[in-house]
Amino acid sequence: MSKVIITVVGKDTVGIIAKVCTYLAEHKVNVLDISQTIVQGYFNMMMIVDMEQAAGSFEQISTELEAAGQEIGVSIKCQREEIFTKMHRI
């Protein structure tokens, strides 16, 4: 399994989850877990996805998601699970 952590942060607006999830579905990226909150009008979402069957490389998907985020006014970042785990280990 090739897990990736996706974070989405920005001012809340209609369609953020739809835009991200539609892109992932179209590129055969499976959502394993998702958590989202809205605090004082700011949207924050963290997803764990499986890119094992993805139609595209990690770099391509990461770049395209970042561009999709810019279109809707949010920041979207992708990070491989092993890097994320090592960075956040105490």
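Start at 1 with the first residue, then count along the sequence.
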Minimum heavy-atom distance A68-K19, with the two atoms named: CB-CE, 4.0 Å
Are side-chain heavy atoms of I61 and V4 found at a separation under 4.5 Å? no
Are I48 and V9 linked, directly or through other ILVMFWY residues, by side chains that come within less than 4.5 angstrom of each other? no
Heavy-atom closest pair (D50 atom, S2 atom, distance to 0.1 Å) is OD1-N, 3.3 Å
Determine, for E59 against R80, whether the closest basic-nitrogen to carboxylate-oxygen distance falls under 4.0 angstrom. yes
Nearest-0.5 Å distance that lies between atom CE in M51 and atom CG in N30: 12.0 Å
Given I76 and T7, is the side chain to side chain contact (heavy atoms under 4.5 Å, CB included) satisfied, shown in steps? CA-CA 6 Å; I76 302 178; T7 57; over 6 Å; no
Measure the shortest side-chain to side-chain distance between F43 and T37 over non-hydrogen atoms and say whether it is less than 4.5 angstrom. no
Given side chains that start at C-beta, do those of V8 and S75 come closer than 4.5 Å, heavy atoms only? no
Establish, for the pair K11 and Y42, whether the NZ or CZ atom is under 6.0 angstrom from the six-membered ring centre and no further than 45 degrees off its axis. yes
Check whether any side-chain heavy atom of M46 lies under 4.5 Å from a side-chain heavy atom of I5, and answer yes or no. yes
Decide yes or no for M47 and D33: does some side-chain heavy atom of the first lie under 4.5 Å from some side-chain heavy atom of the second? no
Distance-only side-chain donor-acceptor flag, Q60 / E64, under 3.5 Å: yes
Carboxylate-amine/guanidinium contact K3 E52, below 4.0 Å: no
Close side-chain approach of K77 to I6, heavy-atom, < 4.5 Å: no
Would M45 and I17 count as a side chain to side chain contact (heavy atoms under 4.5 Å, CB included) here? Give the steps. CA-CA 9 Å; M45 178 169 66; I17 296 171; 4.0 Å; yes
Can you find a pair of side-chain heavy atoms, one from L65 and one from Y23, that are under 4.5 Å apart? yes
I want to check something: taking the side chain as every heavy atom from C-beta on, are V49 and L24 in contact at a cut-off of under 4.5 Å? yes
